[in-house]
Amino acid sequence: MSNNELRDRYNPKDVEARLYKWWLERGYFGAQDKSTKPPFCIILPPPNVTGQLHIGHALNHTLQDTLTRWKRMSGFNALWLPGTDHAGIATQGVVERELAKEGQSRRELGREKFVVRVWEWKKKYGDRIIEQMKTLGDSCDWRRFVFTLDDGVSKAVRRVFVELYKKGLIYKGQRLINWSPKLESALSDLEVEHKEIKGTLYHIQYGPLVVATTRPETLLGDVAVAVHPDDERYAKLIGKTVPLPLTGRSIPVIADTYVDKEFGSGVVKITPAHDFNDYAVGTRHKLAMINILNRDGTLNENGGSYAGLKVQEARKRVVEDLKAQNLLVKEEPHTHYVGHDSRSGAVVEPLLSEQWFVKMESLARPARQVVENGTVTFEPEAWTKTYLHWLNNIQDWCISRQLWWGHRIPAWTCAKCNHVTVAEETPSQCEKCGSKDIEQENDVLDTWFSSALWPFSTMGWPNETEALKTFYPTDVLITGHDIIFFWVARMIMMGLEFRGDVPFRKVLITGLIRDAEGRKMSKSLGNVIDPVELIDEFGADSVRFTLLAQVSAGKDLKFSFPRLEGYRNFMNKIWNAARFSLQVLSEFEPPVDGVNALPKIENMCDADSWIVHKLGVCEAEVHKHIDGLHFSEAANTLYDFVWHEFCDWYLELIKPVVYGDRADEKAATQLVLAQTLNRIVRLLHPFVPFISEEIYGRLPIRGEEACVIDQYPNPRNDQNWLQIGRKERADELDLVIAVISAIRNIRGENRIKPSEELKVRLAPKDEGSQKILQANRAYVEKLAKLGECQISETGSLTKCALTPVVIQSYRVDVIVYLEGVVDLSEERKRIEKTIEKLQKEKGALEGRLSNENFVKNAPAEVVEQGRAQVNELSNKIQTLQDSLVRLG
RNA sequence: GCGAACGUAGCUCAGUGGUAGAGCGUUGCUUUCACACAGCAAAGGCCACAGGUUCAAUCCCUGUCGUUCGCACCA
């Protein structure tokens, strides 16, 4: 490839880093705590510092950035508030894995040193994430950057913890919780993933009874067997005891409606300390609870001879021993769902344990209401149902984690009186007995506890800051559906509880990005797409536009490279259109009133009027689509307008004008071109900030030093300009375009080379058409590559191709002379094909019109329109049939 | 088991109560002075299936089939 060719390629690498740096230096992304402008705020869902950003982040960030830039340009005090999340379990997990590679463990290292290691990790990846965001073009207010373990957030966390504790909404209690033996920590219900497992159902003899279980080792913790109270088979045994195998213990037979008579033998072993249902039964019947597990998932001293074994091993041994004693009646394959730790993949054990909980009922109620009454809306709306379903069935939230990375629970236990002091400020003594012998909880809070406060903790709460007054509640939250419960719901609860208002008004739910085959991206499949690599190859704007053009609220998006290439090509198209325009404008004198300068209407050509009119339509559409968060429609509207209207038609149409010698007309066109390009660049900016800013800097007419801070065009603020693009004249040009297309169609179908100049007669059927064609003859000649163009109602009709063109009230027969140019059989085929198509169309219309119910019931204008169409089709068909005859 | 979404051109997907659009791909023609990452033209679809509402349905309703995703304690 020669240098010459390179020059007309857009190269993002020359542009992006430089412009981003410049934007930062100029402080364009900063929002004001106090401003006369209306506020607009998006809080960034803080990425986890576990690693780098993936393509899904790129999508969500692009949406947020586009919205923020759009609002900023639309006169808002727009704040996009950035931050990162410490992501307790996840980050601790990756650092532990790092350590394991070095042959170390966190326990060997000790809490203090381990936490130092995690901070080192956080520094590295936190910084990398920020770099990635800058590469994408994210226009956040970096001065306000927050990390979830920052002092400010920690203060907010303690305040909320203490207040909820005082209200009785946080409590510590011994309950059955989900325990990850791998992490050696409690998990919340949400962190448990139920996976289908092919297991075995073991039927075990308990004296006269047979019970079925998938987890025979838990029989060591059995305290009863249960049958259904109405089950006649076992009625006599209720209240009696049965021997528990392998233990020498006897356990009672109880009756409970929880038991399904039909399933298995209709007898259930009750292990309250290791099963959620059994826990409920045990509580109802005031049974003892025997915990047989240690924190690491091995059996404890209650496991008797099995003590010290891991669950799987114990299971094997128990089964062997049962067999040996002839107590194993049957083994059958059985698929069931087993809870797994969503982080480590370990099988979750229900475990009796002392943990901290948040009472959810009273927090959930208002959070439900604000969604029910539409104060907070979901897009797509279907998610409201999911959200409400969860809130309606909510369980208390286990918030303590036996981890080292996170906010340590602000509770101190007195060694002397056992009293627990819960306080915001680290206390020096027990608040009850005054003893100085107090020790803080070792546990940290669920990472989502601090996330729940994000919309206000990032703004300085608990201080009543200006930022809070200005920006809370925020406007839109853009996030994936995977964290609706984890995060969205809890932010709404906490916002209502501590700010008395919702944290945001709209929630836009995005889908997952999958690979081209529709598979989830995963490291093991090796199909993960790194946004930075994409940007490196294609440029940030191409990547952004690819995502924007394909995103549809709530739907997954298949990422394909051909599509990305297509939008990379679009960037190149924009670039070259700008290059051409600037070349045309190289000697153009910028008007004194700059962006407000208007050309004299009488000097404007039809193409000028047309493009201004189309621009107005485009501006209105784009405004409507972004406002409705329909990014793909906005992006596609711009793509269509820029490529197919501005480039394909306008830039081609004005060539005869700008290369022509009519100075007044040329000046008008140059002004229209300069203004249109200016507006196109601004329209594009929120979507493709880099290329638009780069072109903006070279525009002869511009209102600001940077595109980022210029005004976003829309029909309301662009009225003076848009009114010079009158629709009537745009319609006139549509006729010209239709005529050109008709000639090109004849050329293409007859395979006539572009180098062959055609002889054409345009036969206008009315005075209006006559005038339009006269005025625009140069366009037709150039764009249809004509050697000769007559405009005349009369003339020869033999050996010619004919296409009737009808646009609005204008009618023109386009006649291309083919004698000596081409053999006429192709043209015959073309006309026959067209006639067939028109006849089919006409037939359908006539069928409808002959239905009297249609005529009676359909709106008059629809009927009228139908009749006119039939008329028009008849005329066209007639004309074509005539010309077919004349082809000979 | 409960709930939700989706099924439109070869592929990936938009879209609308008046029988359909894009990008890529395909087929011709063209290296014409912004762009071959281009231009021009063309081919290609009973809008999953069956009912219903309506003058009219791809769009609304019901059901069937298929795909996907949530939620759920059947031992």
Return the polar atom pairs (N/O with N/O) between nucleotides 56-60 of chain B and the protein under 3.5 Å, or none.
none

>> Is the shortest side-chain heavy-atom distance between A:Val225 and A:Val268 below 4.5 Å?
In response: no
>> Nearest to the side chain of A:Lys833, heavy atoms from C-beta on, is which of B:C35, B:A42, B:U19?
In response: B:A42
>> Heavy atoms only, 4.0 Å cut-off, all strands: where does A:Asp648 land among base, sugar-phosphate and nothing?
In response: sugar-phosphate
>> Would you measure the distance from the C1' atom in B:A14 across to the matching atom in B:G7 and give it in whole Å?
In response: 15 Å
> Rounding to the closest angstrom, what is the interatomic distance between B:G66 and B:C60 at atom P?
Replying inline: 22 Å
>> Distance check, rounded to the nearest 0.5 Å: A:Met360 atom CE versus A:Trp390 atom CH2?
In response: 5.0 Å
> Taking only residues two or more places apart in sequence or in another chain, which ones pass side-chain contact (heavy atoms from CB on, under 4.5 Å) with A:Lys785?
Replying inline: A:Arg747
> Taking only residues two or more places apart in sequence, or in another chain, which ones meet A:His203 in a ring pair (Phe, Tyr, Trp, His ring centres under 6.0 Å)?
Replying inline: none
> Hey, is the side chain of A:Ser632 poking within less than 4.0 Å of OP1 or OP2 on B:C13, counting only N and O atoms?
Replying inline: no
>> So, using ring pair (Phe, Tyr, Trp, His ring centres under 6.0 Å) as the criterion, who are the partners of A:Tyr234 when residues are at least two apart?
In response: none
> Are there more than 12 heavy atoms of other residues, nucleotides or ligands under 6.0 Å from atom CD of A:Glu381?
Replying inline: no
> Which part of the nucleic acid does A:Thr213 contact within heavy-atom distance under 4.0 Å: base, sugar-phosphate only, or nothing?
Replying inline: sugar-phosphate
>> In this structure, how many angstroms lie between the P atom of B:C13 and the CZ atom of A:Phe559, rounded?
In response: 13 Å
> Nearest-Å distance, NZ (A:Lys837) to C1' (B:G45)?
Replying inline: 14 Å
>> Taking only the C1' atom of each, what is the distance from B:C49 to B:A57 in whole angstrom?
In response: 15 Å
>> Quick check on A:Glu836: does its CD atom have over 12 non-hydrogen neighbours (other residues, nucleotides or ligands) under 6.0 Å away?
In response: no
>> Suppose you measure atom C1' in B:U67 against the same atom in B:G52; what distance do you get, rounded to whole Å?
In response: 26 Å
>> Measuring only the P atom in each nucleotide, how far is B:U68 from B:U12? A whole number of Å is fine.
In response: 14 Å
>> Taking only the P atom of each, what is the distance from B:A41 to B:U53 in whole angstrom?
In response: 45 Å
> What pairs with A:Asn11 under side-chain contact (heavy atoms from CB on, under 4.5 Å), at least two apart in sequence or on another chain?
Replying inline: A:Lys13, A:Asp14
>> Nearest whole Å is fine: how far is B:A38 P from A:Lys655 NZ?
In response: 15 Å
>> Strictly below 4.0 Å: does A:Lys558 bring a side-chain N or O up to OP1 or OP2 of B:C13?
In response: yes
> With the sugar-phosphate defined as primed atoms, P, OP1 and OP2, and the base as all remaining atoms, what B/S/- string results for nucleotides 21-30 of chain B, 5' to 3', for protein heavy atoms under 4.0 Å?
Replying inline: --SS---SSS
>> Mind checking if A:Pro380 touches a base, just sugar-phosphate, or nothing, with heavy atoms under 4.0 Å?
In response: nothing
> Below 4.0 angstrom, N of the basic side chain to O of the carboxylate: do A:Lys753 and A:Glu756 qualify?
Replying inline: no
> Roughly how far apart, to the nearest Å, are B:A48 and B:G39 at atom P?
Replying inline: 32 Å
> Knowing that exactly one of A:Asp515, A:Leu557, A:Leu534 qualifies, which makes a side chain to side chain contact (heavy atoms under 4.5 Å, CB included) with A:Ile55?
Replying inline: A:Leu534
> Taking side chain as C-beta onward, heavy atoms only, is A:Ile654 less than 4.5 Å from A:Leu651?
Replying inline: yes
> Closest to the A:Leu651 side chain: B:U19, B:A34, B:C6?
Replying inline: B:A34
>> Under the rule for ring pair (Phe, Tyr, Trp, His ring centres under 6.0 Å), what residues qualify as partners of A:His644, not counting sequence neighbours?
In response: none
>> Is it the case that the base of B:A5 and the side chain of A:Glu381 share a donor-acceptor contact (distance under 3.5 Å, atom types as modelled)?
In response: no
>> List the residues meeting side-chain contact (heavy atoms from CB on, under 4.5 Å) with A:Ala549, not counting sequence neighbours, and say none if there are none.
In response: A:Phe545, A:Tyr567, A:Ala635, A:Asn636
> Which listed nucleotide (B:C35, B:C37, B:C55) is nearest to the side chain of A:Arg568?
Replying inline: B:C37
>> Which nucleotide wins on minimum distance to the side chain of A:Ala382, given the candidates B:A4, B:A75, B:C37?
In response: B:A4
> Taking the same atom, C1', in B:U54 and in B:G17, what whole-Å distance lies between them?
Replying inline: 9 Å
>> Can you list every stem that RNA chain B is part of, counting only runs of 3 or more consecutive Watson-Crick or G-U wobble pairs with both distances under 3.5 Å?
In response: B:1-7 with B:65-71, B:10-13 with B:21-24, B:26-30 with B:38-42, B:48-52 with B:60-64
> If each of A:Gln583 and A:Leu845 is mapped to the nucleotide of RNA chain B with the nearest heavy atom, which maps nearer the 5' terminus, i.e. the 5' end?
Replying inline: A:Leu845
> For the side chain of A:Arg744 and the base of B:C40, is some donor closer than 3.5 Å to an acceptor across the two?
Replying inline: no
>> Quick test of your reading of the model: are A:Glu749 and A:Arg830 salt-bridged, counting only N-O distances below 4.0 Å?
In response: no
>> Please classify the nucleic acid contact of A:Asn572 as base, sugar-phosphate, or nothing, using heavy-atom distances under 4.0 Å.
In response: base
> For A:Ser581, which contact category applies under a 4.0 Å heavy-atom criterion: base, sugar-phosphate, or nothing?
Replying inline: nothing
>> Using OP1 and OP2 only, check whether a side-chain N or O of A:Lys573 sits under 4.0 Å from B:G39.
In response: yes
> So what does A:Glu633 hit on the nucleic acid, given a heavy-atom distance under 4.0 Å: a base, only sugar-phosphate, or nothing?
Replying inline: sugar-phosphate
>> With side chain to side chain donor-acceptor pair (under 3.5 Å) as the rule and sequence neighbours excluded, what pairs involving residues 254-283 of chain A come up?
In response: A:Thr218-A:Lys269, A:Asp222-A:Lys269, A:Asp222-A:Thr271, A:Asp256-A:Arg284, A:Asp256-A:His285, A:Lys269-A:Thr271, A:His274-A:Asn291
>> Taking any heavy-atom pair under 4.0 Å as a contact, classify A:Val259: base, sugar-phosphate, or nothing.
In response: base
Only distances under 3.5 Å count here; give the side-chain donor-acceptor pairs of residues 840-847 of chain A to other protein atoms, sequence neighbours excluded, each with its distance to 0.1 Å.
none

> When every nucleotide of nucleotides 68-74 of chain B is labelled 5' to 3' by its protein contacts under 4.0 Å (heavy atoms), B for base, S for sugar-phosphate only, - for none, what sequence of letters results?
Replying inline: --SSBBB
> Is there a side-chain polar atom (N or O) of A:Lys385 under 4.0 Å from OP1 or OP2 of B:A4?
Replying inline: yes
>> How many whole angstroms separate atom CG of A:Leu388 from atom P of B:A4?
In response: 13 Å
